[in-house]
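Have a look at the structure below before the remarks.
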Amino acid sequence: MEDGLPSEIKLAYLPAPGRIRLRLSARGADAELLKAKIFKAVDGLIPIIGDNIYGEEDLPAAEIFAGFFRNTGKSLALAESCSGGYLAHLITSVAGSSEYFKGGVVTYSNEMKNRLLGVNEEDLSNYGAVSKQVVEQMALGALDVTEADYAIATSGIAGPGGGTDDKPVGTVWIAWAAAGKRVVSKQFSFGKYRERNILRTSETALIELMQLMKKGDL
C-alpha cells in the first residue's frame with residue numbers, strides 16, 4: 001500500500017489484539033497541503049482495505065460497535081464459553097448499552113450448554129464443545145432464550161492447557177445468529193496466550209458481527 005503514497009507521507013502499522021490500526025503522518029512546511037494529501041491518501045487506501053475497515057476513528061472496538069448497533073434499533077444476546085463473560089463486559093463498559101443489549105449467559109460446562117441453551121448432548125459428545133455444531137446451537141439457543149434479534153456465541157480453548165493435536169490452544173469457534181434461525185460461524189486460531197485469546201475472541205466477535213450485518217450476510 002505504501003508504493004502509491006507521496007514521499008512525504010508515511011504509513012505505520014500499529015497491531016493490537018483483534019485489530020490493526022493504520023496511521024498516516026507527514027512532515028513539511030505547508031500544513032494545509034499536507035493535510036489535503038493525507039485525506040487523498042486515505043481515500044486511496046479505503047478501496048484497497050475494503051470490508052476490513054470497521055472504523056475510521058481511534059476508538060476501542062466496543063465503542064465503535066455500540067454506535068453501530070444502537071443505530072440498527074436491534075437487540076443483542078450472548079452465549080459465552082471461552083470468553084468467560086468478557087464479551088459482555090466489553091459491551092456493558094460503554095454507556096447506553098442497555099438500549100440494545102438484552103443479556104447473556106456464560107455456559108462453561110457441557111451440562112450448562114445443554115440445560116440453558118438446548119445444545120444437543122450427542123453433538124457435545126461427538127464433536128466436542130469447541131466445534132461448529134455446538135457453537136451454532138449456542139447462538140441459536142441464546143436467541144430462543146432472550147428473543148433478541150441477534151446473538152453471538154463463543155467456544156474455544158483459551159489455554160494454557162486443554163489443547164489437543166486436532167484442537168490446539170487458541171482454537172476458537174464463534175457463531176453469529178439472527179432472528180429467523182440464520183446462523184454463520186467461523187473458526188479462528190488465536191495463539192497460546194490465555195488473556196490475549198479471551199480479548200481477541202471478544203473483539204473479533206463484535207467486529208465480525210458488524211461486518212456481517214453491513215454486507216447483508218446475516
Side-chain angles (χ1 to χ4, degrees), residues 1-74 76 78 82-83 86-101 150 152 154 156 158-159 169-172 174 176 184 186-218:
M1 289 188 289
E2 298 93 334
D3 294 342
L5 295 175
S7 59
E8 62 268 35
I9 296 180
K10 304 301 180 185
L11 173 61
Y13 297 84
L14 307 173
R19 58 179 172 155
I20 297 177
R21 291 163 52 218
L22 301 181
R23 183 183 66 200
L24 289 169
S25 58
R27 288 188 178 186
D30 191 331
E32 291 303 316
L33 176 61
L34 291 174
K35 187 182 296 184
K37 288 187 176 182
I38 286 178
F39 283 133
K40 183 178 180 180
V42 170
D43 289 339
L45 289 174
I46 289 175
I48 298 173
I49 305 171
D51 292 336
N52 293 309
I53 298 174
Y54 71 88
E56 296 183 27
E57 298 180 80
D58 189 12
L59 295 172
E63 288 192 34
I64 295 173
F65 179 84
F68 169 82
F69 213 86
R70 278 199 299 266
N71 289 336
T72 68
K74 303 295 185 179
L76 176 69
L78 304 175
C82 67
S83 50
Y86 191 78
L87 182 50
H89 162 71
L90 286 182
I91 290 172
T92 58
S93 67
V94 180
S97 57
S98 60
E99 295 177 25
Y100 65 88
F101 182 48
Y150 291 91
I152 301 172
T154 66
V169 170
T171 301
V172 172
I174 305 176
W176 303 266
V184 175
K186 290 184 182 180
Q187 182 181 7
F188 299 87
S189 297
F190 287 141
K192 60 182 180 180
Y193 299 105
R194 182 178 183 84
E195 291 185 3
R196 188 176 297 176
N197 288 337
I198 292 171
L199 174 59
R200 291 184 71 180
T201 297
S202 301
E203 291 205 339
T204 299
L206 297 180
I207 294 167
E208 288 282 338
L209 179 56
M210 284 192 291
Q211 303 293 49
L212 288 167
M213 294 173 69
K214 286 177 181 179
K215 292 187 288 186
D217 292 339
L218 192 64

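Just so you know, these numbers use all the heavy atoms, side chains as well, and skip hydrogens, waters and symmetry mates.
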**Message:** Checking the side chain of R194 only, and the main-chain atoms of A158 only, is there a donor and an acceptor separated by less than 3.5 Å?
**Reply:** no

**Item:** Nearest-0.5 Å distance that lies between atom NZ in K40 and atom CG in L24
**Value:** 14.0 Å

**Complete:** Shortest non-hydrogen pair, I38 vs I9, comes out as N-CD1, 3.9 Å

**Fill in**
Of all heavy-atom pairs linking A66 and V94, the shortest is CB-CG1, 3.7 Å

**Message:** Please check: side-chain N/O of D217 versus main-chain N/O of L212, any donor-acceptor pairing under 3.5 Å?
**Reply:** no

**Item:** Rounded distance [0.5 Å steps], CD in E208 versus CG in L218
**Value:** 11.5 Å

**Complete:** For L90 and E203, the nearest pair of non-hydrogen atoms, with its separation, is CD1-CG, 4.1 Å

**Asked** Is the number of heavy atoms from other residues, nucleotides or ligands under 6.0 Å of F68 CZ greater than 12?
**Response** yes

**Request:** Assess whether atom CD of E195 is packed by more than 12 heavy atoms of other residues, nucleotides or ligands within 6.0 Å.
**Result:** no

**Request:** Search all heavy atoms of A62 against all heavy atoms of L206 and return the closest pair with its distance.
**Result:** CA-CD1, 4.0 Å

**Item:** Rounded distance [0.5 Å steps], CG in L76 versus CZ in F69
**Value:** 4.5 Å

**Asked** Roughly how far apart are Y86 OH and L78 CG, rounded to 0.5 Å?
**Response** 14.0 Å

**Item:** V169 versus G159, closest heavy-atom pair with distance
**Value:** CG1-CA, 3.5 Å

**Request:** Mind checking the SG-CG spacing from C82 to L87? Nearest 0.5 Å is all I need.
**Result:** 9.5 Å

**Request:** Would you give the length of the straight line joining atom CD of Q211 to atom CH2 of W176, rounded to the nearest 0.5 angstrom?
**Result:** 11.0 Å

**Contact check, side chains of I174 and F188, non-hydrogen atoms, under 4.5 Å** = yes

**Message:** Side chains of F190 and R196, heavy atoms from C-beta outward: is any pair under 4.5 Å?
**Reply:** no

**Fill in**
Closest non-hydrogen atoms of Y100 and K74, given as atom of the first, atom of the second and distance, are CB-O, 3.3 Å

